[in-house]
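Structure first, commentary second.
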Amino acid sequence: MTKYVYSFGSKKTDGRADMKNLLGGKGANLAEMSLLGIPVPAGFTITTDCCNDCFFNKSRFPQGMEEQVQKALKAVENEMGMKYGDPDNCLLISCRSGARSSMPGMMETVLNIGLCSRTIPGLIKRTGNERFVYDSYRRLITMYSDVVMEKAEGIEPQEGKGIRAQLERIMDELKKSKGYKNDTELTVSDLKYLCSEYTKKIKQVLGSPFPDDHMKQLWGGIGAVFKSWNGKKAAAYRRIEGIPDSWGTATNVQAMVFGNMGETSATGVAFTRNPATGENKFYGEWLPNAQGEDVVAGIRTPNPINEATKMEQNRHLPSLEKAMPKLYKQLHEIERKLEKHYSDMQDIEFTIQEGKLYMLQTRVGKRTGTAALNMAMDMLKEKLINEPAAVMRLKPEQLDELLHPIVDPAAEKNAAIIARGLPAGPGGANGHIVFKAEDAVEWEKKGKKVILVREETNPEDVAGMRAAEGILTARGGMTSHAALVARGWGKCCIVGAGAIHVDSISKKMTVNGKTYREGDVLTLNGTKGYVYEGRLNMIDATENVNFKAFMKLVDRQRRLGVRANADTPADAATARNFGAEGIGLFRTEHMFYGENSEKPLFLLRQMILSSTLEERKSALDKLFPHVKSNIKATMKVMQGLPVTFRLLDPPLHEFIPQDEPQQKELAESLGIDVKEVVRRGELLHEVNPMMGHRGVRLGITYPEVSEMQIRAIFEAAAELIKEKIKAMPEIMIPVTCDVNEIKVQKKIIERNYKEVITKFNLKKIDYLTGTMIEIPRACLLADKMAEEAQFFSFGTNDLTQMGFGFSRDDIGAFLPGYLDKKILKADPFQTIDQEGIGQLIEMGVTKGRSTKKDLKVGICGEQGGEPASVKFCFKVGLNYVSCSPYRVPIARLAAAQASIEGAAVSKKPVKKAPSKKKAAAKKK
Ligand code: PEP
Ligand code: MG
């Protein structure tokens, strides 16, 4: 016979902590606490298998389960010294849900089960507290009718017509007529009146009476908790969190204990360490004479648990330590024991019933990034955990919090979101809005903090973007220009906030009918993509002393390389500071926008608008020293670490000036008419520039453009070598789709290499030649590409664009709909689409290495700093990931965790299952 029911309590416990799949998190931990000798109200857990069998069985309990429940209930009665349904000494129970992973608030709970006309008088007599009994009864009727009689029956009332809402209205009306503010003012006769009105209403609305029978209540409660697994809320949550429907929930049936039985009773919630800061102090809140929901619902201001953690706001309130010193001591000992046992910070719930302490729950507590870091390092020092465990304690995303100033979560809680966009650059920012890049620069010069708001950004906005605290655009995706640049600078940025209509000419924007003008203040949460009106408080993410030590641990576990995408000496320095082991992508074109780029940009424009080889060569000659000095400065910062220089990639028309004074200046320098400048610019216009004359295609049409860059790279390296500074350039050819493209460019590379070596009288320069892999055809022919390339770098921005056929700059119009309708699980420009694009990557790696066993393979698309993508890259055997400098620590952590998880997975098959004997010994 299948065992469906597992008891827990001081006398008999069948389960344990590692049985979460069968007993759910709550049930497994209640069993574990019982095994540890911690006082837990006796009860039993009905398994997740039973839940699944019920669904299979058309909502009927499986055979044998009811007898097992009856038997377990007997054991609870014996332990608690009360009897379920007994008129004189009745036991009340709760039915609580508990899945294998926590789904907070998504499933149902019914408390105070067993109260009925048969048991009420005896309970009043025993407790001498009529108000307590009727208050409990009122709560039972509300919960039961809502959870068991309505939700579990699949009734879907209209908004505001649900039974709970209707009952609450009766209570509100009564409170109003009596002039009460709080529920606590309700008298015994009020509560009696409510209970009788409630039962009438239930009959009238739901057509059946509230069951005045303790056994009916018990089975109803158990069945309803199981059914709540398929409730709308729970099902939707599972979709989002990727929790399989097949897991099911367990039901925990447990003896009720009451914290509201008078002044020697209390209830509380606590953490074994401070979840906000990580400080190693027992931290929590409690209330005398109250039920658990009163603490969390904020109806009363809770008291601090001890003297050591009192704050300004609650200094005047009594601590549990002072009010009930003996019980506090016992609780303190228990929380120490639990933390030690689980080797992690615990979030616990307790109730004190007439001077006796009971633990109702323990689970691993949620925490902020700062707290996670501090706790991991402290627990390592305390030898509570080992190094790999410490590295697993921080979610990579949590590092963001430590690296950027953030919007104060407390301020955010009370603020209304006016628009949402894509969280392109993390952290927070507030400031005056401006609508033009030059205005951002002007305002910043005057010492004002600004947010640059644009329909979308283009290279000409860069100075304004640099000057702004944050960037907000109405269009664009995660890999749009604004996002790339902002992330590179660690700047807060939200793109694709579709609700915003920008009118940069009149310097205003409208959002849902409201207009904001230049100078108005907004706050951005770039980590979430939320826009707020006004100035919200910011928290300074000051550098934590533990951060560096933690990152050392991370690097000891890591096997995947981490580089940065950087294209200026300043960004390179930031990247090194964050631990980058090289530059995986230096976008040459970024040299032409940004600080001090007016001159090189002008020369580039001259080159682009040249119509003859002669004109072009003359412009290239003038451009050469600028390009070389930029390259040299970056390599110098990197001190011999590899730097991957990518040859010019973007469509040239992006650089053509649109405003008249600049067109005039160019015309003069080229000795042509302005009209001719405009005409030449128009000739460069492309219908589909992303698939147009860009990348290696430029170098095929204009070999002299490649030649100038290649020469600059080699000469810069040669000069550094002469200055006794190590240099390790890697030349990368973008947007290739055929090996012959590489061959053509390689000829230029090899010729220039020889010439430079001779010119500088050097024996050699260490360098590599490789290619981006960012077109599906390049993946399909990767074995051929590897014949000529020494390394591959997956450009997953373009690979995703071309693999999906989604324009990376236009996804704002349709991708949100795809995500809302669950057509796609995630934005593939943010996290690698492992199912589809992932296949292309794996194929590229396998085919490439079939030709060249030691082919070095990396990734430099924006996903390279996203934790799930980093883990995928490790799994498919990449040598390194490359991402924006501020994401380097995140990628390092994700990479280390991938190694640790990989080691655990590879060990799994060889690990023997514990013998029955051992498991039994452990149980004891
Ligand atoms: C890419 O396509 O992934 C890439 C890194 O290149 P870019 O974003 O410059 O096109
Ligand atoms: Mg690309």
#### Entry: Test item: side-chain donor near acceptor, Gln863 and Ser869, under 3.5 Å
no
### Message
With heavy-atom distances below 4.5 Å as the criterion, would you say the side chains of Asn274 and Lys281 are in contact?
### Response
no
### Message
Give me each pair satisfying salt bridge (Lys or Arg N to Asp or Glu O under 4.0 Å) with a member in residues 864-880, each pair once, sequence neighbours excluded.
### Response
Lys871-Glu901
### Task
Verify whether one side chain among Asp347 and Gln361 offers a donor that lies under 3.5 Å from an acceptor in the other.
no
### Task
Kindly give the heavy-atom pair with the smallest separation between Gly15 and Leu23, and that separation in Å.
CA-CD1, 3.7 Å
### Query
Given side chains that start at C-beta, do those of Ile305 and Tyr283 come closer than 4.5 Å, heavy atoms only?
no
### Task
Sequence neighbours left out, what passes side-chain contact (heavy atoms from CB on, under 4.5 Å) with Ala573? Give chain and number order.
Val637
### Query
Of the non-hydrogen atoms in Trp229 and Ala234, which two are nearest, and what is the gap between them?
O-CB, 3.6 Å
#### Entry: Contacts of Ser793 that satisfy side-chain contact (heavy atoms from CB on, under 4.5 Å) - sequence neighbours left out
Met732, Cys860, Tyr880
#### Entry: Those residues that, when tested against Thr362, pass side chain to side chain donor-acceptor pair (under 3.5 Å) (two or more places apart)
Gln346
### Task
Find out whether Ile385 and Met379 are in side-chain contact, i.e. whether some heavy atom of one side chain is under 4.5 Å from a heavy atom of the other.
yes
### Task
Give a yes or no answer on whether the side chain of Ser882 reaches the backbone of Ala564 with a donor-acceptor pair at less than 3.5 Å.
yes
### Message
Is there a side-chain contact between Asp245 and Arg238 in this structure, where contact means two heavy atoms from C-beta onward sitting under 4.5 Å apart?
### Response
yes
### Query
Excluding sequence neighbours, so at least two apart, what forms side-chain contact (heavy atoms from CB on, under 4.5 Å) with Leu824?
Phe804, Phe806, Leu815, Tyr818, Leu819, Pro828
#### Entry: Any side-chain donor near an acceptor of the partner, Asn546 and Asn374, under 3.5 Å
yes
### Message
If only side-chain N and O atoms count, and only distance matters, is there a donor-acceptor pair under 3.5 Å linking Ser319 with Asn306?
### Response
no
### Query
Which residues satisfy the side-chain contact (heavy atoms from CB on, under 4.5 Å) test with Pro396, sequence neighbours excluded?
Pro867, Ile890, Leu893, Ala894, Gln897
### Query
Do Thr249 and Arg100 have side-chain atoms, one donor and one acceptor, less than 3.5 Å apart?
no
### Query
Going by atom types only, do Asn430 and Tyr532 share a side-chain donor-acceptor pair under 3.5 Å?
no
### Task
Please tell me if the side chains of Glu339 and Leu384 come closer than 4.5 Å, counting only heavy atoms from C-beta onward.
yes
